[in-house]
Protein chains: 2
Amino acid sequence: MKFEAVTIKDIARELGISTSTVSRALRDSYEISAETKRIVLECAEKLHYTPNPIALSLKEKRSRSIAVVVCEIANSFFSQVINGIESIAYNKGYNVIISQSHESFEREVTDLQFLASRSIDGLIISVSSETENMEHLKKLFYKGLPIVFFDRVSEEMDTHLVMVDNFNSAYKATVHLIENGYKTIACLTNSAHLSITKERIAGYKKAIEDSGELVNEDLIKYCNHGGVHADETEKAMNELINLEKRPDAIIGLSDKLTTGALRFLQKQGISIPKEMGLIGFSNGEFTEFLNPSLSIIRQPAFKMGQTAIELLLAVIESKRPVQEFTRCVLETELIVRDSTSRNK
Amino acid sequence: MKFEAVTIKDIARELGISTSTVSRALRDSYEISAETKRIVLECAEKLHYTPNPIALSLKEKRSRSIAVVVCEIANSFFSQVINGIESIAYNKGYNVIISQSHESFEREVTDLQFLASRSIDGLIISVSSETENMEHLKKLFYKGLPIVFFDRVSEEMDTHLVMVDNFNSAYKATVHLIENGYKTIACLTNSAHLSITKERIAGYKKAIEDSGELVNEDLIKYCNHGGVHADETEKAMNELINLEKRPDAIIGLSDKLTTGALRFLQKQGISIPKEMGLIGFSNGEFTEFLNPSLSIIRQPAFKMGQTAIELLLAVIESKRPVQEFTRCVLETELIVRDSTSRNK
DNA sequence: TAATTTTACGCAATCGTTCCCGACTAAAAC
DNA sequence: GTTTTAGTCGGGAACGATTGCGTAAAATTA
């Protein structure tokens with residue numbers, strides 16, 4: 001594979017036949033006699049021939065590899081999504097190339113530039129929390145690169161979208177807090193321009209309004225880097241607990257923010273769920289064993305990954321240009337635990 | 001990148017010059033006049049030319065992509081390692097292709113076969129817990145594929161190794177338990193043939209012996225799939241708590257096993273650290289906030305990833321065959337928390 | 001037996017890029 | 001005035017594999 005690199009030519013030379021015959025024999029073409037096929041196969045075996053995929057890619061203009069761009073791998077939600085993607089890509093003979101944006105727009109742009117220059121057949125992406133401008137993606141998309149968005153999607157392009165029912169998830173969680181007697185519910189969320197933020201905030205607001213209360217914008221804290229920098233979450237939390245009317249519950253609208261809030265409250269010695277209720281989006285594996293056990297909204301991450309890759313491969317392998325795009329919305333699961341049971 | 005695919009031929013045609021000149025101009029060759037370079041660069045810009053890496057790979061016989069094989073991405077330790085790998089690979093212009101073995105030997109073999117056929121320039125691997133036979137790796141290695149092992153290594157090939165001081169880590173953790181008054185210390189570990197298992201078990205045994213006790217093999221439970229199947233851990237734990245002399249502490253010799261033990265003890269209502277002390281290897285992000293907070297041995301996962309990729313790239317980019325291989329042993333961190341403080 | 005079809009294989013172009021050889025012009029050296 | 005010598009550029013062969021087309025020889029048919 002490296003130094004030797006047996007090629008079809010070596011077989012041809014060894015056998016005294018042409019490369020075309022070898023190629024056809026290897027592909028079991030009908031125009032090659034059974035005897036020749038046998039000899040070629042035998043020789044290929046003997047010489048440890050392995051086809052060179054690069055040469056194939058060059059001819060076929062496809063690399064059989066797809067790229068996945070997420071903000072961080074070391075985040076349960078995203079690693080579970082990748083797990084789902086990989087589970088299917090592997091079976092279909094595709095490589096999965098992974099890149100992390102670390103919530104940086106600049107990094108996302110260079111990532112994409114790099115990947116695009118590496119001839120990928122398709123892209124699955126959840127944009128960074130800094131990403132407002134979609135030009136870099138549009139450019140690739142209109143050049144013909146199949147793209148599937150998941151989680152943090154953009155509706156600016158006509159393509160497949162995989163997400164959860166963000167509105168309803170946030171709505172349910174907020175209603176749950178209200179029903180448990182929490183009155184002043186604050187909200188820790190991502191950059192305002194992200195799709196997930198807009199939808200989740202809308203659900204949160206609707207729940208507040210449906211309970212007959214007024215939405216207080218001061219209770220909504222936007223963390224523009226999604227909580228990757230711990231101080232960002234801390235700052236937001238500090239502002240919240242110093243409000244003249246201190247909230248009695250927090251809802252974290254993404255994984256890192258939920259756990260960041262927990263971390264902060266623990267440090268400050270603010271008791272959960274008594275002084276402060278806490279619920280949030282999370283796909284962490286051990287929310288059940290946290291102290292207190294955490295009430296969460298869990299996304300079907302693995303399923304989301306599978307759906308995304310299936311949609312992407314359908315586009316890639318479609319003969320004709322795909323016109324119909326699905327907007328796949330999956331359900332989340334609200335898991336109630338101790339961090340929101342005030343009365344316990 | 002897909003449909004148009006502007007090539008240097010297009011530029012050559014547009015400008016009425018040869019492809020060789022275009023190629024040289026683009027690479028800023030000394031034999032091309034400044035004026036021609038300017039024109040070519042301008043035209044390339046205008047036509048949105050992007051070089052085709054596949055064609056380059058074919059010529060240069062390198063793909064600038066490396067493969068990483070781990071058992072699971074959705075495992076903090078491995079995702080942190082990958083994070084470290086990616087952080088450096090990205091800067092050096094390499095793609096990272098990730099594959100999961102899911103602790104299956106068969107899957108590892110097919111993974112590798114697939115990857116090798118995709119012309120990767122190098123491989124970083126932590127073998128699956130089922131992997132005893134290294135032939136599949138040897139075959140690739142002797143074909144010339146640079147390989148770096150990390151975590152679960154094999155010494156059968158003369159190549160770079162990145163690991164932690166497993167012996168000492170297990171030793172320290174066991175001593176810690178002993179010093180805290182635990183008498184009967186059981187051990188939950190991976191398949192017996194893995195390097196990490198051997199070394200960690202040796203450290204555990206040494207600590208027991210140093211304390212003047214005898215090692216009881218019944219207290220060592222081997223989970224051959226590393227705890228990916230929950231029932232495996234449960235079975236082992238059940239056997240332990242039903243021993244005539246029930247252990248009063250557990251040491252988990254890998255991430256999944258430590259958390260698996262915690263999960264089991266919680267379910268059974270066995271109080272930690274009173275009835276049972278618990279410590280183990282873990283790189284989980286929230287061991288601090290678990291109930292009780294977990295004493296752990298933390299590996300420098302990010303650093304391990306960085307070290308592995310640096311060693312690998314050095315081999316890949318070396319002009320002459322590399323003869324000297326390092327066996328890099330990093331230190332772990334013992335973090336004492338509530339799960340081992342019996343007296344509290 | 002002659003004409004036709006089938007079988008089995010080789011030639012050469014192609015994918016996009018690089019790079020080894022020339023080759024040509026104009027200025028410098030003899 | 002002839003020869004060197006830079007300075008620029010083009011032609012064409014690679015890299016490994018596929019494939020349309022052409023064509024011998026063998027097999028079939030008339």
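First the proteins, then the strands, lettered A, B, ... as listed; each starts at 1.
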Between dG16(C) (C1') and Glu60(B) (CD): distance, integer Å: 12 Å

Heteroatom pairs (N/O) under 3.5 angstrom, protein to nucleotides 14-16 of chain D:
residue, atom, partner, partner atom, Å
dA14(D), N3, Lys59(B), NZ, 2.9
dC15(D), OP2, Lys9(A), NZ, 3.0
dC15(D), O3', Lys61(B), NZ, 3.1
dG16(D), OP1, Lys61(B), NZ, 2.4
dG16(D), N2, Ala55(A), O, 3.4

Rounded distance in Å - OH (Tyr30(B)) to C1' (dG7(D)): 10 Å

Sidechain-backbone polar pair: Ser65(B) side chain, Ile120(B) backbone, donor-acceptor under 3.5 Å: no

Distance-only donor-acceptor check, side chains Gln113(B) and His136(B), under 3.5 Å: no

Length of the line joining Arg62(A):CZ and dT18(D):C1', which is rounded to integer Å: 15 Å

Criterion side-chain contact (heavy atoms from CB on, under 4.5 Å) on Ile73(B) and Ile73(A), from CA distance to verdict: CA-CA 8 Å; Ile73(B) 309 171; Ile73(A) 307 171; 3.5 Å; yes

Using a cutoff of under 3.5 Å, can you pull out all pairs of nitrogen or oxygen atoms linking the protein to nucleotides 21-28 of chain C, with atom names and distances?
none

Residues in side-chain hydrogen bond (donor to acceptor under 3.5 Å, both in side chains) contact with Lys46(A), at least two apart in sequence or another chain: Glu14(A)

Stacked cation flag Arg24(A) on Tyr30(A), 6.0 angstrom / 45 deg: no

Report, one line per pair, each donor and acceptor closer than 3.5 Å where one atom sits in a side chain of residues 156-163 of chain A; sequence neighbours left out.
residue, atom, partner, partner atom, Å
Glu156(A), OE1, Lys138(A), NZ, 2.9
Thr159(A), OG1, Ile147(A), O, 2.4
His160(A), ND1, Thr326(A), N, 3.0
His160(A), ND1, Thr326(A), OG1, 3.3

Return all side-chain donor-acceptor pairs below 3.5 angstrom for residues 310-318 of chain B, not counting sequence neighbours, or 'none' if the list is empty.
residue, atom, partner, partner atom, Å
Glu317(B), OE2, Tyr94(B), OH, 3.0
Ser318(B), OG, Arg320(B), N, 3.4
Ser318(B), OG, Arg320(B), O, 2.4

Of residues 32-40 of chain A, the positions that come close to DNA chain C - non-hydrogen atoms, cut-off under 4.0 Å: Ile32(A), Ser33(A), Thr36(A)

Side-chain N,O (Ser20(B)) to OP1/OP2 (dC9(D)) below 4.0 Å: no

Side-chain donor or acceptor of Asp121(B) paired with backbone N/O of Arg62(B) under 3.5 Å: no

Row check, Phe149(A) ring normal vs Arg327(A) NZ/CZ: under 6.0 Å, within 45°: no

Aromatic ring pairing Phe77(B)/Phe150(B), orientation class (parallel under 30°, perpendicular over 60°, tilted between): tilted

